[in-house]
Trainee: 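Mind having a look at this structure? Questions to follow.
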Amino acid sequence: MNSVSVRALLVRGMLAGLAAGVLALIVAYLLGEPQVDSAIAFEEAHSHEHGGEEAVSRTLQSTAGLATGILVYGVALGGIAALAFCVALGRVGRFGPRATAALVSLGALLTVYVVPFLKYPANPPAVGDPDTIAKRTTLYFLMIALSVLLAVAAVVLGKRLAPRLGAWYATVAAAAGFVAAVGLAYAFLPAINEVPDGFSATLLWRFRLSALAMQLLLWTGFGLVFGHLAERLLTPRAASGSRTGTATPAAAPTS
């Protein structure tokens, strides 16, 4: 059995994150930026301050700035997800590299974005009191931390219950515990509603949908690309082995 370094998987995870970032960039530019422009127009129409000069032009923000932010974000999350893949492979079930990559991507999408999003959804410009930025940022990252920790606890709980309840019922019990704990977090953490009067509900809804679509495409793209790269790295002779009727075992990553 060949050993594969974590470094090789980390590099592939960053490359997969970059490729997924390109897909997310297309969605953000085509679906998100028009909503941002509309929100900025609303903000300027209702602002009492006029004539201020922009430090960075809107054109630069929506092109080079957007591309830089999303691509760096994709590379960073791809590297972190690759490390999570190294921990999960062979420890969360008898899944191959592709399936493990898909599970890691799905888990990251749910815990890092969807669960916090349902409590504190993304807002376009003009939505939110500038005086509460620090509070809103703290609450959002607190929700992310709670979501990740609760997800890890649910996985540990499921593995411990599996010998007594079986894999299926242990998974159901762990998932139910996760949902219940997240529900309690939603109930105890303060709600934030700072949408200004007159702001279009349709615009707000479209912006939030575009943000959700961007994350969905980012993590789906990462899971598919990284799963393919990890499969080729960990089972390089899988294709030839299947033609000759022999199987090549997957190698476990080593640190």
Side-chain angles (χ1 to χ4, degrees), residues 21 24-25 27-74 76-77 80 108-151 178-219:
L25 175 61
V27 173
Y29 184 77
L30 295 179
L31 299 182
E33 285 303 306
Q35 317 309 323
V36 173
D37 289 335
S38 298
I40 291 175
F42 175 90
E43 186 177 38
E44 291 177 346
H46 293 77
S47 175
H48 299 291
E49 299 179 3
H50 301 282
E53 184 177 352
E54 292 181 328
V56 180
S57 68
R58 175 64 188 140
T59 301
L60 185 61
Q61 292 176 15
S62 62
T63 53
L66 179 67
T68 301
I70 291 181
L71 294 180
V72 170
Y73 178 79
L77 288 188
I80 296 172
L109 174 63
L110 291 176
T111 59
V112 177
Y113 191 78
V114 174
V115 170
F117 176 88
L118 293 177
K119 178 63 177 179
Y120 301 116
N123 289 322
V127 175
D129 185 352
D131 295 333
T132 64
I133 290 179
K135 175 184 176 182
R136 287 184 280 124
T137 302
T138 301
L139 288 173
Y140 182 74
F141 281 103
L142 175 60
M143 192 66 240
I144 292 177
L146 286 174
S147 177
V148 172
L149 290 175
L150 290 174
F178 174 76
V179 172
V182 168
L184 289 175
Y186 283 178
F188 284 101
L189 288 177
I192 296 177
N193 183 15
E194 299 178 348
V195 180
D197 294 335
F199 193 86
S200 171
T202 301
L203 173 58
L204 181 61
W205 177 246
R206 287 177 178 174
F207 176 84
R208 289 174 175 175
L209 280 182
S210 66
L212 186 60
M214 186 190 76
Q215 292 289 332
L216 178 62
L217 189 58
L218 176 71
W219 286 108

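Just so it is clear, the model here is predicted, and its values are computed rather than measured.
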Trainee: Side chains of Ile192 and Thr132: does their closest heavy-atom pair fall under 4.5 Å?
Mentor: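 Ile192 vs Thr132: side chains apart.
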Trainee: To the nearest 0.5 Å, what is the distance between OG1 (Thr138) and CD1 (Ile133)?
Mentor: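 With rounding to 0.5 Å, OG1 (Thr138) is 11.5 Å from CD1 (Ile133).
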Trainee: Considering all heavy atoms of both residues, which atom of Pro196 and which atom of Phe42 are nearest to each other, and what is their separation?
Mentor: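 Looking at all heavy atoms of both residues, the closest pair is CG-CE2, 3.9 Å.
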Trainee: Is the shortest side-chain heavy-atom distance between Leu212 and Tyr113 below 4.5 Å?
Mentor: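 The answer is yes, as the side chains (C-beta and beyond) meet within the 4.5 Å cut-off.
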Trainee: Can you tell if the side chain of Leu203 reaches within under 4.5 Å of the side chain of Gln35, non-hydrogen atoms only?
Mentor: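 SC-SC contact between Leu203 and Gln35 confirmed.
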Trainee: Assess whether atom OH of Tyr140 is packed by more than 12 heavy atoms of other residues, nucleotides or ligands within 6.0 Å.
Mentor: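 Counting other residues, nucleotides and ligands, OH of Tyr140 exceeds 12 neighbours.
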Trainee: Taking side chain as C-beta onward, heavy atoms only, is Pro124 less than 4.5 Å from Phe199?
Mentor: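 Yes; the side chains approach each other to less than 4.5 Å.
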Trainee: Would a 4.5 Å heavy-atom cut-off, applied to side chains only, mark Phe141 and Pro116 as touching?
Mentor: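 No, every pair of side-chain atoms sits at 4.5 Å or beyond.
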Trainee: Output the distance between atom CD1 (Ile40) and atom CD (Glu44), rounded to the nearest 0.5 Å.
Mentor: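 Separation between the atoms: 7.0 Å.
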Trainee: CE of Met214 to CG of Leu209: how many Å apart, nearest 0.5 Å?
Mentor: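 Met214 CE to Leu209 CG: 13.0 Å, rounded to 0.5 Å.
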Trainee: Testing the basics here: between Leu110 and Ser147, what is the closest heavy-atom pair and its distance to 0.1 Å?
Mentor: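 Distance-wise, the nearest heavy atoms are O-OG, 4.3 Å.
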Trainee: Do Tyr73 and Leu218 make a side-chain contact, defined as non-hydrogen atoms from C-beta onward lying under 4.5 Å apart?
Mentor: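 They are in contact (side-chain heavy atoms under 4.5 Å apart), so the answer is yes.
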Trainee: Looking at Arg206, I want to see if its CZ is surrounded by more than 12 non-hydrogen atoms of other residues, nucleotides or ligands under 6.0 Å.
Mentor: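 Counting other residues, nucleotides and ligands, CZ of Arg206 stays at 12 neighbours or fewer.
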Trainee: Ignoring hydrogens and angles, tell me if any N or O in the side chain of Ser210 forms a donor-acceptor pair with the backbone of Phe207 under 3.5 Å.
Mentor: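 Yes; judged by distance alone, with no hydrogens or angles, the pair exists.
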Trainee: Rounded to the nearest 0.5 Å, how far apart are CD1 of Ile70 and OH of Tyr29?
Mentor: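 So the CD1 of Ile70 and the OH of Tyr29 are separated by 12.0 Å.
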Trainee: Looking at every non-hydrogen atom in both residues, tell me the closest pair between Pro125 and Glu43 and how far apart they are.
Mentor: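 In this case the closest contact between Pro125 and Glu43 is CB-OE1, 4.1 Å.
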Trainee: Has the side chain of Thr68 got a donor or acceptor atom that lies under 3.5 Å from a matching backbone atom of Ala64?
Mentor: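 Pair found, side chain donor or acceptor close to backbone of Ala64.
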Trainee: Step by step, work out the side-chain contact (heavy atoms from CB on, under 4.5 Å) result for Val115 and Tyr186.
Mentor: CA-CA 10 Å; Val115 170; Tyr186 283 178; 3.6 Å; yes
Trainee: To the nearest 0.5 Å, how far apart are CG in Leu189 and NZ in Lys119?
Mentor: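 One finds 6.0 Å between CG of Leu189 and NZ of Lys119.
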Trainee: Less than 4.5 Å apart, side chain to side chain, heavy atoms only: is that true for Val182 and Leu118?
Mentor: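 No, every pair of side-chain atoms sits at 4.5 Å or beyond.
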Trainee: How long is the span from the CE atom in Met143 to the OG1 atom in Thr111, to the nearest 0.5 Å?
Mentor: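 Spacing of CE (Met143) from OG1 (Thr111) equals 10.5 Å.
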Trainee: Looking at every heavy atom in both Ser62 and Glu33, which two are closest together, and how far apart are they?
Mentor: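 Answer, listing the atom of Ser62 first, then Glu33: CB-OE1, 3.2 Å.
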